[in-house]
Number of protein chains: 2
Amino acid sequence: MGLTKTDTYSTEIIELSGIIKALGHPARMAIVSYLANTPNCITNDIVEELPLSQATVSQHLRELRNVDLIKGDIEGTSVCYCLNTEKLNKVISYFSEIMKVTDKFKCC
Amino acid sequence: MGLTKTDTYSTEIIELSGIIKALGHPARMAIVSYLANTPNCITNDIVEELPLSQATVSQHLRELRNVDLIKGDIEGTSVCYCLNTEKLNKVISYFSEIMKVTDKFKCC
DNA sequence: TTAATATATTGCAATATTACGATTAAATAA
DNA sequence: TTATTTAATCGTAATATTGCAATATATTAA
């Protein structure tokens with residue numbers, strides 16, 4: 001019997017890679033960092049903070065929302081965004097686990 | 001004085017977003033996971049492990065190499081890859097720091 | 001009501017990513 | 001030497017991402 005390729009990826013990897021992909025852009029990292037450091041997290045503040053147009057920032061916010069990394073509360077005409085720390089913890093846990101199982105000495 | 005947009009992103013965010021972007025793909029996450037769990041890390045094993053062609057796996061390996069997440073040692077006609085745990089730790093540290101500074105209660 | 005403000009969405013161009021077959025290069029085996 | 005093996009690269013098609021101007025939507029203010 002030949003060597004077997006996996007048919008697909010595990011559910012865990014598919015979900016996590018989506019979250020990590022969303023994090024892998026300077027603008028979206030800046031947004032996440034900003035939300036972590038700023039108590040009042042109004043969209044317009046983020047737009048002012050970033051070197052991008054309002055439309056582009058809104059698009060990045062949507063991507064972060066899509067993977068549930070942030071959550072937006074409508075407050076009148078503004079939207080207050082905040083981090084979903086649970087998702088961020090999932091990412092940290094995944095990589096911490098990898099670090100834990102890595103056998104640093106047997107490898108090249 | 002108006003509100004000031006940042007001209008660009010910090011060096012730290014630019015470097016880290018590159019690493020995280022490289023990690024944000026199921027194939028590359030699978031490679032990283034495989035390398036962490038497998039003592040002998042020959043390229044061909046990774047090719048067999050993944051649902052992708054040799055050319056595509058090689059391309060993914062190059063992307064991981066480009067951001068210095070993995071390192072390949074040529075051993076005769078094979079290449080033995082291993083993780084650069086230092087880079088992985090940088091990612092963990094960055095997100096851990098964000099978790100640390102996040103003020104969960106002041107936010108929406 | 002109309003105007004102003006804050007966000008989201010649409011449409012679109014430029015660029016990047018993903019995947020693969022075919023080819024190349026480099027090392028070993030016959 | 002020639003064949004085989006292993007991995008990287010090239011060329012290319014399909015798709016996705018990024019960014020923005022323009023527009024739409026929705027809430028508050030006048």
Side-chain angles (χ1 to χ4, degrees), chain A residues 2-3 5-9 13-14 17-31 34-35 38 40-67 69-82 108, chain B residues 2-3 5-9 13-14 17-32 34-35 40-67 69-82 108:
Chain A
L3 298 153
K5 277 176 176 285
T6 42
D7 278 352
T8 179
Y9 307 102
I13 280 189
I14 289 175
S17 66
I19 298 172
I20 293 162
K21 183 180 184 181
L23 287 167
H25 186 286
R28 294 190 291 267
M29 282 191 66
I31 290 171
Y34 183 81
L35 292 184
T38 311
N40 295 315
C41 35
I42 299 303
T43 306
N44 192 250
D45 298 341
I46 303 171
V47 174
E48 304 299 339
E49 189 74 8
L50 297 186
L52 296 170
S53 72
Q54 182 267 318
T56 305
V57 171
S58 186
Q59 199 173 270
H60 284 305
L61 287 169
R62 179 171 50 191
E63 280 187 66
L64 292 172
R65 262 189 280 116
N66 284 345
V67 294
L69 263 167
I70 65 174
K71 173 174 87 74
D73 263 30
I74 299 172
E75 297 191 347
T77 156
S78 301
V79 175
C80 173
Y81 275 106
C82 65
C108 31
Chain B
L3 297 155
K5 277 175 176 285
T6 42
D7 278 352
T8 180
Y9 305 102
I13 280 189
I14 289 176
S17 67
I19 298 172
I20 293 163
K21 183 180 183 180
L23 287 166
H25 186 286
R28 294 190 291 266
M29 282 190 66
I31 290 171
V32 167
Y34 184 81
L35 292 184
N40 294 316
C41 38
I42 299 301
T43 306
N44 192 251
D45 298 340
I46 303 171
V47 173
E48 302 300 339
E49 189 73 9
L50 298 184
L52 296 169
S53 74
Q54 182 267 319
T56 304
V57 171
S58 186
Q59 198 172 270
H60 283 305
L61 287 169
R62 179 171 49 190
E63 280 187 65
L64 292 172
R65 260 190 281 116
N66 284 344
V67 295
L69 261 167
I70 65 174
K71 172 175 86 75
D73 263 29
I74 298 171
E75 296 191 348
T77 157
S78 302
V79 175
C80 173
Y81 274 106
C82 65
C108 31

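Computed from a prediction, not measured in an experiment: that's the story for all the values here. Naming convention: chains lettered A, B, ... in sequence-line order (proteins, then strands); numbering from 1 in each chain.
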(message) At a heavy-atom distance below 4.0 Å, what parts of residues 50-60 of chain A sit against DNA chain D?
(response) L52(A), S53(A), A55(A), T56(A), Q59(A), H60(A)
(message) dT5(D), OP1 or OP2 - any side-chain N/O from N44(B) closer than 4.0 Å?
(response) no
Can you tabulate the close N/O pairs, meaning under 3.5 Å, that link protein atoms to atoms of nucleotides 25-30 of chain D?
none

(request) On DNA chain D, check which nucleotide each of R28(A) and L61(B) is closest to and give me the residue with the more 5' one. (result) L61(B)
(message) What is the separation between atom CG on L64(B) and atom P on dA8(D), rounded to the nearest whole Å?
(response) 12 Å
(message) Rounded to whole Å, please give me the gap between CD in E49(B) and C1' in dA7(D).
(response) 18 Å
(request) Identify, with sequence neighbours excluded, every residue that meets side-chain hydrogen bond (donor to acceptor under 3.5 Å, both in side chains) alongside H60(A). (result) R28(A)
(request) Would you indicate whether the side-chain heavy atoms of Q54(A) and S58(A) approach each other to under 4.5 Å? (result) yes
(request) Measure the shortest side-chain to side-chain distance between P51(A) and D7(B) over non-hydrogen atoms and say whether it is less than 4.5 angstrom. (result) no
(message) Expressed as a whole number of angstroms, how long is the span from I42(A):CD1 to dA6(C):C1'?
(response) 10 Å
(request) Identify, with sequence neighbours excluded, every residue that meets side-chain hydrogen bond (donor to acceptor under 3.5 Å, both in side chains) alongside T56(A). (result) S53(A)
(message) Tell me every residue that passes side-chain hydrogen bond (donor to acceptor under 3.5 Å, both in side chains) with N66(A), counting only those two or more places apart in sequence or in another chain.
(response) none
(request) Would you please confirm or rule out a distance under 4.0 Å between OP1 or OP2 of dT17(C) and any side-chain N or O of K21(B)? (result) yes
(message) Is there a side-chain contact between I46(B) and L35(B) in this structure, where contact means two heavy atoms from C-beta onward sitting under 4.5 Å apart?
(response) yes
(message) Please confirm whether the shortest side-chain N or O distance from Y81(A) to OP1 or OP2 of dA8(C) is below 4.0 Å.
(response) yes
(request) Tell me whether the OP1 or OP2 atom of dT9(D) has a side-chain N or O from R62(B) closer than 4.0 Å. (result) yes
(message) Measuring to OP1 and OP2 of dA8(D), would you say a side-chain N or O of R65(B) lies under 4.0 angstrom away?
(response) yes
(request) Could you tell me whether the side chain of K5(B) and the main chain of L50(A) form a donor-acceptor pair under 3.5 Å? (result) yes
(request) Nearest whole angstrom, please: distance from the P of dT5(C) to the CD of E48(A). (result) 13 Å
(message) Determine whether a donor-acceptor pair (N or O, by modelled atom type, separation under 3.5 Å) exists between the side chain of S17(A) and the backbone of I14(A).
(response) yes
(message) If the cut-off is 4.0 Å, is H25(A) near the phosphate of dA16(D), judged by side-chain N/O to OP1 or OP2?
(response) no
(message) Tell me every residue that passes side-chain hydrogen bond (donor to acceptor under 3.5 Å, both in side chains) with R65(B), counting only those two or more places apart in sequence or in another chain.
(response) Y81(B)
